[in-house]
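Report on the following structure.
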2 protein chains.
Amino acid sequence: MDIRTLCLGVLTLGDATGYEIKKMFEDGMFSHFYEASFGSIYPALNRLTEEGLVECTQQAQEKRPDKKIYSLTSTGRSVFAAEITIPPGRDKLRSEFLVNVIFSEFLAPNQLRQVLDERIRFHHQQLDEMNKKADTCGANPARQFTLGYGLALHKAAAEYLTQNRDLLEDTSDTSNEAAE
Amino acid sequence: MDIRTLCLGVLTLGDATGYEIKKMFEDGMFSHFYEASFGSIYPALNRLTEEGLVECTQQAQEKRPDKKIYSLTSTGRSVFAAEITIPPGRDKLRSEFLVNVIFSEFLAPNQLRQVLDERIRFHHQQLDEMNKKADTCGANPARQFTLGYGLALHKAAAEYLTQNRDLLEDTSDTSNEAAE
DNA sequence: GGTTGCATGTAAATGGTTACATGATTGT
DNA sequence: ACAATCATGTAACCATTTACATGCAACC
């Protein structure tokens with residue numbers, strides 16, 4: 001699944017500009033499980049327009065570039081509907097954090113502590129953010145579900161890290177003794 | 001963090017061939033949070049050899065290509081040690097599953113059911129695999145920790161999905177009534 | 001007789017990011 | 001004064017995947 005398809009998906013929720021779509025990946029709905037930069041979104045929208053899957057109505061603005069409001073065409077909608085029925089592939093994850101953990105013997109104790117502190121702080125921050133969003137998303141069950149999913153996982157992660165970090169940190173402490 | 005660095009990391013654990021490194025990403029230690037194909041590993045090892053970060057001793061084999069056993073040089077080890085102290089970037093995730101969930105109104109009820117069933121099955125399978133590995137990894141606290149982390153997250157995910165799938169599925173059922 | 005495992009590699013295509021270019025407005 | 005927000009876009013670069021090429025051995 002590429003950015004092109006994701007853009008179609010976003011537009012099923014209502015018309016939007018490229019800039020607004022970017023925000024969905026930055027703060028919005030998708031921010032927790034997908035990323036996309038301007039450099040991929042704008043070309044995607046242009047290509048989708050050429051292919052007739054979206055339409056674009058230009059809206060002149062005084063001192064800024066014209067705002068280009070994209071909307072899904074009926075072709076676009078059915079292309080997306082077809083795309084979304086393809087069984088989802090595996091999640092793709094790259095976690096530098098877990099690489100750090102696996103190779104934590106290479107880290108000084110205070111560095112490891114910092115990495116773990118920061119990670120736990122991050123999970124708590126995500127929990128806060130998601131709790132705030134939970135009110136906003138009202139009666140949409142899909143958004144409630146994904147938010148709940150995010151909450152459940154960040155909570156589990158934060159708890160695991162808090163409760164088990166000593167497994168990692170005790171060893172670095174005792175490695176002097178253990179080596180002797 | 002690129003495959004090059006990951007290869008250095010793997011080699012800190014002992015000498016290995018490209019083929020063996022690939023297996024680490026397929027079944028081994030890294031399989032749960034990183035992926036890599038031959039097309040990235042072999043060129044990475046060649047480049048690392050050119051740069052003097054790894055060494056390669058060829059081992060002739062009768063009816064197969066020579067086995068190339070790579071080992072870390074001291075330069076390689078210190079380059080890796082430096083690399084690993086860089087604070088980890090954010091996890092990069094792309095979850096087609098969650099895209100499916102967000103846009104689940106586009107799925108027929110039985111398709112959605114299948115997607116959720118499959119996902120729950122997947123988490124249980126991962127739990128099984130990790131439980132099996134837990135015995136194998138003996139006294140290495142870093143591996144125990146990452147495995148425990150994986151177990152905690154897959155468990156939380158499986159539970160959340162099992163307990164809350166009706167949030168998604170009830171709506172598709174009642175959408176006929178709600179629309180009327 | 002077909003698939004899996006062993007073992008290496010390359011070339012093309014993919015799909016993205018980063019950095020640049022432009023520029024007013026609003027908030028700190 | 002400086003950063004952030006709004007708003008679009010391009011070009012160079014990057015890392016990686018996919019598909020191909022080779023080929024025997026062991027298992028089912």
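Proteins get letters first, then strands, A, B, ... in listed order; numbering begins at 1 in each. Worth saying up front: this structure is predicted, and the values here are computed from it rather than measured. Basis for what follows: all heavy atoms, side chains included, without hydrogens, waters or symmetry-related copies.
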>> Side chains of A:T5 and A:D2: any donor to acceptor distance under 3.5 Å?
In response: yes
> Centres of the B:F122 and B:F97 rings: under 6.0 Å?
Replying inline: no
>> Pick the closest DNA chain C nucleotide for B:K92 and for B:G39 by heavy atoms, then say which residue is nearer the 5' end.
In response: B:G39
>> What is the distance, to the nearest angstrom, from the CD atom on A:E20 to the P atom on D:dT5?
In response: 15 Å
> Counting side-chain heavy atoms from C-beta on, which of D:dC6, C:dT18, D:dT17 comes nearest to A:S37?
Replying inline: C:dT18
> Taking CG from B:L45 and P from D:dT16, how many angstroms apart are they, rounded to a whole number?
Replying inline: 13 Å
> Given atom CD of B:E26 and atom C1' of C:dT4, what is their separation to the nearest angstrom?
Replying inline: 12 Å
> Rounded to whole angstrom units, what separation is found between the OH atom of A:Y19 and the P atom of D:dA4?
Replying inline: 12 Å
> Are the side chain of A:T73 and the backbone N or O of A:L53 linked by a donor-acceptor pair below 3.5 Å?
Replying inline: yes
> Once you build an axis from the first five pairs and another from the last five of the helix from C:dG1-D:dC28 to C:dT28-D:dA1, how far apart in angle are they, to 10 degrees?
Replying inline: 50°
>> Using a strict heavy-atom distance below 4.0 Å, which residues from residues 1-18 of chain A are in contact with DNA chain D?
In response: A:T17, A:G18
> Is the shortest distance from a Lys or Arg side-chain nitrogen in B:R4 or B:E51 to a carboxylate oxygen in the other one below 4.0 Å?
Replying inline: yes
> Which nucleotide sits closest to the side chain of A:K68: C:dT8, C:dG16, D:dG9?
Replying inline: D:dG9
> Separation of A:R47 atom CZ from C:dG16 atom P, in whole Å?
Replying inline: 10 Å
> What is the distance from CD of A:E35 to C1' of C:dT18, rounded to the nearest Å?
Replying inline: 13 Å
>> Quick test of your reading: applying salt bridge (Lys or Arg N to Asp or Glu O under 4.0 Å), list the pairs with at least one residue in residues 19-42 of chain A, sequence neighbours left out, ordered by first then second residue.
In response: A:K22-A:E26
>> Taking 4.0 Å as the cut-off, does a side-chain nitrogen or oxygen of A:S40 come that near to OP1 or OP2 on C:dG15?
In response: no
> Is there a donor-acceptor contact under 3.5 Å from the side chain of A:Q144 to the main chain of B:L167?
Replying inline: no
>> So if I take every side-chain heavy atom of A:P43 and compare against D:dA7, D:dT16, D:dT10, which nucleotide ends up nearest?
In response: D:dT10
> Does A:R94 make a side-chain N or O approach to OP1 or OP2 of D:dT16 shorter than 4.0 Å?
Replying inline: yes
>> Could you tell me if B:E118 and B:Q114 have a donor-acceptor pair between their side chains, going purely by distance under 3.5 Å?
In response: no
> Starting at CG of B:D66 and ending at P of D:dT22, how long is that distance when rounded to a whole Å?
Replying inline: 18 Å
> Taking the side chain as C-beta and beyond, is there a heavy-atom pair between A:I102 and B:F33 under 4.5 Å?
Replying inline: yes
>> Taking side chain to side chain donor-acceptor pair (under 3.5 Å) as the criterion, tell me which of A:R119, A:Q126, A:R121 meets it with A:H123.
In response: A:R119
> In whole angstroms, how far is the P atom of C:dT18 from the CD1 atom of A:I41?
Replying inline: 13 Å
> Any donor-acceptor pair under 3.5 Å linking the side chain of B:Y34 with the backbone of B:M29?
Replying inline: no
>> Of the options D:dA7, C:dA7, C:dG9, whose atoms approach the side-chain atoms of B:N46 most closely?
In response: C:dG9
